[in-house]
Amino acid sequence: MKRFLVFIGLFLIGYILLQLVSGLFLTAGYSPEIMDQGKTVGYQVFGRISFFIGTLLIATLAFFLSEKIIRINK
């Protein structure tokens, strides 16, 4: 149970950090169209990052970190 909680905790931290960093980059890289300046727009689509690949990388990193943390505590 301890291994699972460590893994889930690290996974959630990694996922939240990925979302924050990708949001910062997408927002910083956004430049509105000059033609759209006078229009009111309800929403903007900035871009997409592959959900599956990002989640897989975070899960892999969380697994290896949780294994390392558990070995240090033993």
Side-chain angles (χ1 to χ4, degrees):
M1 184 69 174
K2 180 182 176 184
R3 296 175 88 162
F4 178 73
L5 292 175
V6 171
F7 172 75
I8 291 298
L10 290 171
F11 178 79
L12 289 175
I13 290 170
Y15 184 76
I16 291 169
L17 286 176
L18 176 71
Q19 293 298 317
L20 287 172
V21 170
S22 66
L24 288 172
F25 280 117
L26 290 173
T27 303
Y30 174 72
S31 59
E33 297 283 332
I34 294 175
M35 301 299 290
D36 292 339
Q37 284 182 345
K39 298 178 184 175
T40 303
V41 180
Y43 66 93
Q44 292 289 331
V45 177
F46 294 107
R48 276 183 118 165
I49 294 179
S50 176
F51 178 76
F52 180 73
I53 293 173
T55 305
L56 184 63
L57 289 173
I58 293 169
T60 304
L61 182 64
F63 174 76
F64 286 121
L65 286 175
S66 65
E67 289 295 316
K68 186 173 183 176
I69 289 171
I70 290 171
R71 285 186 187 154
I72 289 172
N73 290 337
K74 283 186 178 181

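Both backbone and side-chain heavy atoms feed into the values below; hydrogens, waters and symmetry mates do not. Positions are given from 1, in the same order as the sequence printed here.
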S.K.: Only pairs at least two apart or in different chains count here, so list each salt bridge (Lys or Arg N to Asp or Glu O under 4.0 Å) that has a residue in residues 10-27.
M.R.: none
S.K.: Can you run down the salt bridge (Lys or Arg N to Asp or Glu O under 4.0 Å) pairs that involve residues 52-67, sequence neighbours left out, and say none if there aren't any?
M.R.: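 Checked against salt bridge (Lys or Arg N to Asp or Glu O under 4.0 Å) - neighbours excluded - the pairs reaching residues 52-67 are Arg3-Glu67.
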S.K.: Report the distance from atom CD1 of Ile16 to atom CZ of Phe11, rounding to the nearest 0.5 Å.
M.R.: 10.0 Å
S.K.: Going by the rule side chain to side chain contact (heavy atoms under 4.5 Å, CB included), which residues pair with Leu17 if we only count those two or more places apart in sequence or in a different chain?
M.R.: Ile13
S.K.: Look at the side chain of Thr27 and the backbone N and O of Leu24, then say whether any donor-acceptor pair between them is shorter than 3.5 Å.
M.R.: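 No, because the side chain of Thr27 does not come within donor-acceptor range (under 3.5 Å) of the backbone of Leu24.
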S.K.: For Leu10, check side chain to side chain contact (heavy atoms under 4.5 Å, CB included) against everything at least two apart and list the hits.
M.R.: Val6, Ala62, Leu65, Ser66, Ile69
